[in-house]
Amino acid sequence: SISSLKNYFVNKESDFQYLNRFEQKFIQSGVQAIVYSKRQLTIEETNALIITINEGIMQTTENVKLDEMLYKISEFYDQEVEATTEALTSLIEPIMIAVMGVVIGRMYALGSAGAIFGALLAGYFLISTLGSRNTVILVAVIYFALGSIFFLIGYKQGAKVMIIPLAIGVSMMAGAQKIGALKSQCVTESNYFCIQIQDVGMAGAKTRLIALDHLVHSINEKDQPERLHSPYVRFVDEYISLRFGDRPPQTFFIGGGGFSLPRAWIAKYQGKADLTIAEIDPQVTDIAKAKLWFSPNGSQTKVIHGDARYELNKLADDVKFDLVFGDAFHDISIPEHLVTQEFNDLVARRLHDDGIYLVNVVDNAKRPLFLLSYVKTLQRSFDRVEVWFEPDPRQQGRRTTYIVVGANTPLEDDFINAENGFERSWWRWPNAKLASASANQHLPILTDDRAPVDKLMSGLLLGNLH
């Protein structure tokens, strides 16, 4: 506008006179009404304005500095345009950021929702229904189908091109089927384990083992239930005989597995032993009954399907046991809530005065950090903690099965020889050396707030690379 131009030249007296005369020509030509108009100029009005400006320039008598004045006018409008552009840009930027934030946020939200839904669907339905291999194959087929659909939509000639990857995929599936790669080794895949059953020994011996995931858990014989093949299970039977003699122990089992020991004690005590078994996976129990000859009928054996800590805690206050046997620890999978001081205190309250707590622990033979930390934690709940193991020089530097005992009354024996069945023996870790090793200040007390089991078990997982 004319007033803006005047402000621009307010400090330039030598140029102001030209602008003043230039304005007069505008006013004389009636252009001022167009300049101050609030509406957008039409083409006719724009042409009239240009003609009027030209006439004003031609009628200006002082043309000496006209070029400088016009240059400064154009410079002024350049600055106006730049300021307007910057204002528009600063206005658009937050709008674009908001739009992009909504788009990207929606993408991440959909991706997160899909990941959560997929994990829940796989864990609670697909794996237990189809198995892990078939689940992976199903996902691969869905990905291939979706990719093919979008490819065909975006590429008109895609039908011919898709023949090649389709042929490759079919050939790979046929080859995998032929070599048996698609056949699962699991009898069934539950929500917790890949359960495998194998016949072992001579043909017709009727001896079978059960493996949960990759770890052999139990070996059962149909006609001789009291023959215990697993060394740590055999130790529990021998240890209980030394402690209680022929008296059937009232026992709470944490984990059933192959139910070898409950099956042996049902036969040994003729069904008079009061046995409570907390097994979290109902399919493990079903497999044990169907294929491992476990039959609790006619005995005082009760199987509870649920978490052992929860089931033990909800029993009546006056229910106590002679033995709590923890057999839920694998070498790479240890339920953290079953190793803490709070759970150990719960177990101690559930035991009679002469009761004992036996736990099967797998750890590195040379650097058993988890074992020592667990012993250090148990010492806060029991007056006496012992560690027993089967001596085997071949296990140096490898994983070893330990049996940890928590009790209030000690067993003075330093070693135990098997009285029945296969010849075996177990040694007790000397008390003074065990106390010294577990007193290491770097070993944590395992609690519900902090139980770094994976870190402590890294020596077993990494082996000699640790």
Side-chain angles (χ1 to χ4, degrees), residues 197 200-201 205-210 216-279 284-285 287-304 308 312 319-328 347 350-352 354-360 386 388 390 401 403-407 409 411 413 415-426:
I197 300 292
V200 295
K206 297 181 180 180
T207 303
R208 291 174 181 166
L209 65 79
I210 179 174
V216 176
H217 203 282
S218 301
I219 301 176
N220 290 359
E221 292 189 27
K222 180 179 180 181
D223 299 326
Q224 299 186 60
E226 295 184 49
R227 179 176 291 177
L228 300 172
H229 292 263
S230 298
Y232 76 93
V233 177
R234 179 72 178 284
F235 170 83
V236 174
D237 184 51
E238 297 285 349
Y239 191 88
I240 293 302
S241 296
L242 290 175
R243 283 277 190 172
F244 301 108
D246 295 332
R247 174 165 64 91
Q250 185 178 2
T251 306
F252 185 92
F253 289 87
I254 302 174
F259 293 82
S260 297
L261 192 57
R263 184 170 173 265
W265 283 359
I266 290 174
K268 180 178 181 178
Y269 299 111
Q270 300 177 352
K272 296 180 181 179
D274 186 355
L275 309 178
T276 302
I277 308 167
E279 171 56 54
V284 171
T285 304
I287 291 294
K289 290 179 179 180
K291 298 184 177 296
L292 296 175
W293 311 288
F294 170 62
S295 178
N297 299 330
S299 66
Q300 300 183 42
T301 302
K302 180 182 179 182
V303 179
I304 305 172
L312 189 64
V319 176
K320 294 183 180 295
F321 299 94
D322 299 315
L323 168 66
V324 174
F325 177 37
D327 192 18
V347 172
R350 289 296 182 184
L351 291 173
H352 295 298
D354 61 344
I356 57 176
Y357 180 32
L358 285 170
V359 185
N360 168 44
E386 303 170 352
W388 293 79
E390 188 177 23
T401 300
I403 302 95
V404 183
V405 181
T409 56
L411 184 69
D413 299 69
F415 63 90
I416 297 175
N417 290 319
E419 297 291 336
N420 302 302
F422 304 112
E423 181 179 350
R424 293 189 182 278
S425 62
W426 298 268

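The analysis underlying the following values was restricted to heavy atoms, covering all of them including side chains, and did not include hydrogens, waters or symmetry mates.
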Intermediate values then yes/no, side chain to side chain contact (heavy atoms under 4.5 Å, CB included), F244 and D354: CA-CA 9 Å; F244 301 108; D354 61 344; 3.9 Å; yes

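- Every side chain to side chain contact (heavy atoms under 4.5 Å, CB included) that K302 has, sequence neighbours left out, goes to I304.
- A264 and P225 make their closest contact through CB-O, 3.3 Å (heavy atoms, listed as atom of the first residue, atom of the second, distance).
- Side-chain N or O atoms of R350 include one that pairs as donor or acceptor with a backbone N or O of L312 at under 3.5 Å.
- Put simply, the residue from I266, V284, L292 that forms a side-chain contact (heavy atoms from CB on, under 4.5 Å) with F259 is V284.
- Taking the six-membered ring for Trp and thresholds of 30 and 60 degrees, F235 and W388 have ring planes inclined between 30 and 60 degrees apart.
- The shortest heavy-atom contact between F252 and A278 is CZ-CB, 3.8 Å.
- Side chains of H217 and S260 form no contact here, defined as non-hydrogen atoms less than 4.5 Å apart.
- A 4.5 Å side-chain heavy-atom check between S241 and K268 finds at least one atom pair inside the cut-off.
- A salt bridge does not link D237 to R424: none of the charged nitrogens lies less than 4.0 Å from a carboxylate oxygen.
- A distance of 9.5 Å separates NZ in K272 from CD in Q300, rounded to the nearest 0.5 Å.
- Note that OG of S230 is 8.5 Å distant from CG of D327, once rounded to the nearest 0.5 Å.
- With a 4.5 Å cut-off on side-chain heavy atoms, I210 and K291 do not count as touching.
- Dense packing is recorded around CG of N417, with more than 12 heavy atoms of other residues, nucleotides or ligands lying under 6.0 Å away.
- Taking NZ of K289 as the reference point, atom CG of N297 lies at 7.0 Å (rounded to 0.5 Å).
- Rounding to the nearest 0.5 Å gives a distance of 8.0 Å between NZ of K320 and CG of L351.
- A heavy-atom distance below 4.5 Å is found between the side chains of I277 and F294.
- Side-chain contact between Y357 and I254 is present, with heavy atoms from C-beta onward closer than 4.5 Å.
- Note that CD of Q224 and CZ of R263 are 10.0 Å apart. Values are rounded to the nearest 0.5 Å.
- With respect to the salt-bridge test (charged N to carboxylate O, under 4.0 angstrom), the residues D322 and R247 qualify.
- For the atom pair L228 CG and L261 CG, the distance stands at 6.0 Å (nearest 0.5 Å).
- A heavy-atom distance below 4.5 Å is found between the side chains of Y239 and L411.
- The shortest distance between side-chain heavy atoms of W265 and P249 falls below 4.5 Å.
- In terms of heavy-atom proximity, F321 sits nearest to T251 at CD2-C, 3.8 Å.
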Going through the checks in order, is the side chain to side chain contact (heavy atoms under 4.5 Å, CB included) test met by N220 and W293? CA-CA 8 Å; N220 290 359; W293 311 288; 4.3 Å; yes

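- Side-chain atoms of E279 come within 3.5 Å of backbone atoms of G256 as a donor-acceptor pair (strictly under, hydrogens ignored).
- Without hydrogens or angle criteria, E419 side chain to E238 main chain gives no donor-acceptor distance under 3.5 Å.
- In this structure the side chain of L358 reaches within 4.5 angstrom of the side chain of I240, judged on heavy atoms.
- A288 and G257 make their closest contact through CB-O, 4.5 Å (heavy atoms, listed as atom of the first residue, atom of the second, distance).
- The side-chain contact (heavy atoms from CB on, under 4.5 Å) test with V324 is passed by exactly one of V347, I356, T276: V347.
- Here the closest non-hydrogen pair linking G258 and S218 is N-OG, 3.3 Å.
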